[in-house]
Engineer: 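Got a structure for you, questions after.
These values consider heavy atoms only, across backbone and side chains, with no hydrogens, waters or symmetry-generated copies. Per chain, numbering begins at 1; letters A, B, ... match sequence-line order.
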Amino acid sequence: MHDSPFLADELFGRVLDEYPDIKTLKKLHAKIFFDQHLHQNPSLGIKLMRAYAANGEIRITRHIFDGIPVKNVVFFNVMIRSYVNNYRYDDGLLVFKTMSSYGFIPDNYTYPCVLKACSASQNLWVGLQIHAAVVKIGLDLNLFVGNGLVSMYGKCDKLLEARQVLDEMPRRDVVSWNSMVAGYAQNARFDDALEICREMELLRQRPDVGTMASLLPAITNTSSYNVSYIKRIFDNLVKKSLVSWNVMITVFVSNSMPGEAVDLFLQMEDCEIEPDAVTIASILPACGDLSALLLGRRLHRYVDMKKFRPNLLLENAILDMYAKCGCLEEASEVFNSMKFQDVVSWTSLISAYGRNGQGSEAVALFAKMQDLGMSPDSVAFVSVLSACSHGGLLDEGKYYFKLMTDKYQIVPRLEHYSCMVDLLGRAGRVHDAYNFVKEMPIEPNERVWGALLSACRVYSNMEIGLVAADKLFQMAPQQAGYYVLLSNIYAKAERWQEVTRVRSIMKSRGIKKTPGVSNVELNHKIYTFLAGDRSHPKSKELYEELDVLVGKMKELGYVPETDSALHDVEEEDKECHLAVHSEKLAIVFAILNSEPGTTIRITKNLRVCGDCHTAAKLISKISEREIVVRDTHRFHHFTNGICSCGDYW
DNA sequence: AAAATACAAT
């Protein structure tokens, strides 16, 4: 078949280098095995081992290794690496420990690999022995070995040792620095991680994709300064790879900058870079945040087209995107189409039903999950408890809290406590809620007191409201929302003097109300409205239409509700001020710019106020549209004058 | 004949 055996060698080698699939691989294997000449070529043996390992067929790799009569150090190295690349760290270390008894001396290829095994399994004990061994033979001066040591120490929480190795390396490259960055970042030493980046830049070592990826833990929920720092690294990359785009998207998403994440994703598409499963899983939460349903659906189709499924992580991300966009049917469709569902999938679905006001369904799902033998975790309980509070299911909520602590022995966290306070408070048990807070074994946080204060507003409990507000003003003196809530409590009781007093406190502390912002997605674009926004090109038309609507609403008995707003405007301005809350603008804009009959989806950054809630109900009736509003707490589905929350929110 | 750091959710 081949003119010369040497040509066959080369051909087989080249095919194997490309890691063929398992079927091709077995065919080649058989050919090589039966050919006397090929069988004796050590290079083909190495390549065969490597290719099997790349397919996860570690047992076959081992079988070939064992069958080689005359081994050399390379065989050992490849065997070790095959184990390590398949997460079999102890097996890798075992081969390493036995190789010297066969007379093979570990070399500059062996050590980086076994160090990786130590890093990945956090095996400091063996790591230290390896360090001693490489120093003895001077291999610690080797770049690859040094990098392995930095990484090993970093992964084993020994930052000082990692830093010392780095400092003493005779030569460093970008990987050396990145390993150090990763070490600090993984140990929550975020400032140190960033400091290393600056240091490497000073020494004219350009940060690369690896630097960005290593920095990731240090760049979640960070300052905008740090975000722009990593953006600058991204912009200055000599060559942008898929991973660099993925990391940059993740940075935006994990810093509550979903709009920027989506923009970057669209830019990436313009550059004709093909997104992979990681890209999609990273960008989907941003779609959820923005209620960018059209983009979300497009990504879903892309996943199906690319056959990325099954992929639990990705499917959970799609499911959660639909849940966050208020699309219960699509969310459960995805859930039902999944081959396997884990606790995360169930939790997503349960909280979706909960947030959409279908508390009983959420509770039923939770029960079903238990029936199927799935063990709920701490987060799953948060989802069912909050579903109970949104649905007004007082007894069920109490039952699940008890189930969690008694049967599952889960220690309640602040999230669970705030759900319970919310549950009791919304159900009108304001005193019970307050007692619950007082009896908590851990220090209540902002969320807990906030839930109590909200309950006090709904049920006009001034006494407890003042206690809660007082705590909140100490904990979060700059949070405008709590001042507004207290002022609402006073306003409802017609205590106008106190209302004025709260306003002047806010003024003296320089606190501004968080401006209301609403997003609406139309024709694949997201439009943003601020309260009182007049910056849109079609602003005039918008306000005219709003006037027409308000007129029709008044015919249906609409009376602008003035106590919903903080009285920071003059009396006569109140009605006008209320009329331009951002969700009203967004709704009117959507009515004007979409097909009649289609659903309108709005997301907003604050809780929807009583007046807008009434208005939305009426508008849904007048315009014959379903309006879905997602506020910071839940979904409101307005249809034909009725809201899914049953006016209980 | 063979190499090290590094991207995903409730």
Side-chain angles (χ1 to χ4, degrees), chain A residues 9 13 16-17 41-50 72-82 84-85 107-116 119 142-152 154-155 162 172-183 185-186 207-217 241-251 253-254 275-285 288 308 311-321 323-324 342-352 354-355 376-384 386 415:
Chain A
D9 278 21
L16 285 171
D17 279 343
N41 182 341
S43 128
L44 286 182
I46 294 285
K47 284 171 192 262
L48 257 181
M49 284 172 68
R50 207 175 47 162
N72 62 34
V73 69
V74 181
F75 284 99
F76 279 88
N77 290 347
V78 172
M79 192 61 237
I80 295 170
R81 187 165 24 258
S82 301
V84 172
N85 287 343
D107 62 8
N108 56 317
Y109 282 92
T110 321
Y111 285 113
C113 192
V114 287
L115 281 169
K116 179 176 173 170
S119 304
N142 174 285
L143 180 68
F144 286 78
V145 175
N147 290 348
L149 284 170
V150 173
S151 171
M152 183 275 292
K155 276 265 167 42
R172 284 174 283 260
D173 68 355
V174 70
V175 178
S176 329
W177 290 101
N178 291 352
S179 305
M180 195 65 231
V181 171
Q186 285 154 6
D208 69 351
V209 210
T211 322
M212 290 179 62
S214 305
L215 266 179
L216 210 50
S241 63
L242 176 61
V243 176
S244 59
W245 287 92
N246 289 355
V247 172
M248 200 58 230
I249 288 171
T250 306
V251 169
V253 171
S254 60
D276 68 353
V278 178
T279 320
I280 308 299
S282 309
I283 194 68
L284 277 167
F308 286 155
N311 177 331
L312 189 61
L313 216 80
L314 189 53
E315 289 166 303
N316 282 345
I318 298 172
L319 162 58
D320 200 54
M321 178 276 296
K324 290 230 170 76
D342 67 355
V343 192
V344 177
S345 333
W346 283 94
T347 305
S348 253
L349 197 65
I350 290 166
S351 69
R355 276 195 302 255
D377 64 2
S378 185
V379 189
F381 275 104
V382 175
S383 75
V384 76
S386 82
E415 294 94 310

Engineer: Using a cut-off of 4.0 Å on non-hydrogen atoms, how would the nucleic acid contact of Ala281(A) be classed: base, sugar-phosphate, or nothing?
Structural biologist: base
Engineer: What contact category does Asp107(A) fall into here, base, sugar-phosphate, or nothing, at under 4.0 angstrom with non-hydrogen atoms?
Structural biologist: base
Engineer: Could you tell me whether Ser214(A) contacts a base, only the sugar-phosphate backbone, or nothing, with contacts defined as non-hydrogen atoms closer than 4.0 Å?
Structural biologist: sugar-phosphate
Engineer: Taking any heavy-atom pair under 4.0 Å as a contact, classify Ser43(A): base, sugar-phosphate, or nothing.
Structural biologist: sugar-phosphate
Engineer: Using the side chain to side chain donor-acceptor pair (under 3.5 Å) criterion, which residues pair with Asp173(A)? Sequence neighbours excluded.
Structural biologist: Asn147(A), Ser176(A)
Engineer: How would you label the contact of Asn316(A) with the nucleic acid (heavy atoms, under 4.0 Å): base, sugar-phosphate, or nothing?
Structural biologist: base
Engineer: For Asn316(A), enumerate each residue passing the side-chain contact (heavy atoms from CB on, under 4.5 Å) test, keeping only those at least two apart in sequence or located in another chain.
Structural biologist: Leu312(A), Leu319(A), Met338(A), Asp342(A), Val344(A), Ser345(A)
Engineer: Looking at Phe75(A), is its backbone amide N or carbonyl O close enough to the side chain of Asn72(A) to form a donor-acceptor pair, meaning the two atoms are under 3.5 Å apart?
Structural biologist: yes
Engineer: Base, sugar-phosphate or nothing for Asn72(A)? Non-hydrogen atoms, less than 4.0 Å.
Structural biologist: base
Engineer: By the 4.0 Å heavy-atom rule, please label Leu216(A) as base, sugar-phosphate, or nothing.
Structural biologist: sugar-phosphate
Engineer: Which nucleotide of DNA chain B is the first, and which the last, in the 5' to 3' direction, to come under 4.0 Å of a heavy atom belonging to chain A?
Structural biologist: dA1(B) to dT10(B)
Engineer: Base, sugar-phosphate alone, or nothing: which one does Gln186(A) contact when heavy atoms must sit under 4.0 Å apart?
Structural biologist: sugar-phosphate
Engineer: How would you list, by chain and number, every residue that makes a side-chain contact (heavy atoms from CB on, under 4.5 Å) with Asp276(A), sequence neighbours excluded?
Structural biologist: Leu242(A), Asn246(A), Val278(A), Thr279(A)
Engineer: Would you mind classifying the nucleic acid contact of Asp173(A) as base, sugar-phosphate or nothing, using non-hydrogen atoms under 4.0 angstrom?
Structural biologist: base
Engineer: If the condition is ring pair (Phe, Tyr, Trp, His ring centres under 6.0 Å), which residues does Trp177(A) pass it with, not counting sequence neighbours?
Structural biologist: none
Engineer: Give one of base, sugar-phosphate or nothing for Val278(A), where a contact means two heavy atoms less than 4.0 Å apart.
Structural biologist: base
Engineer: If the condition is side chain to side chain donor-acceptor pair (under 3.5 Å), which residues does Asp17(A) pass it with, not counting sequence neighbours?
Structural biologist: Lys47(A), Arg50(A)
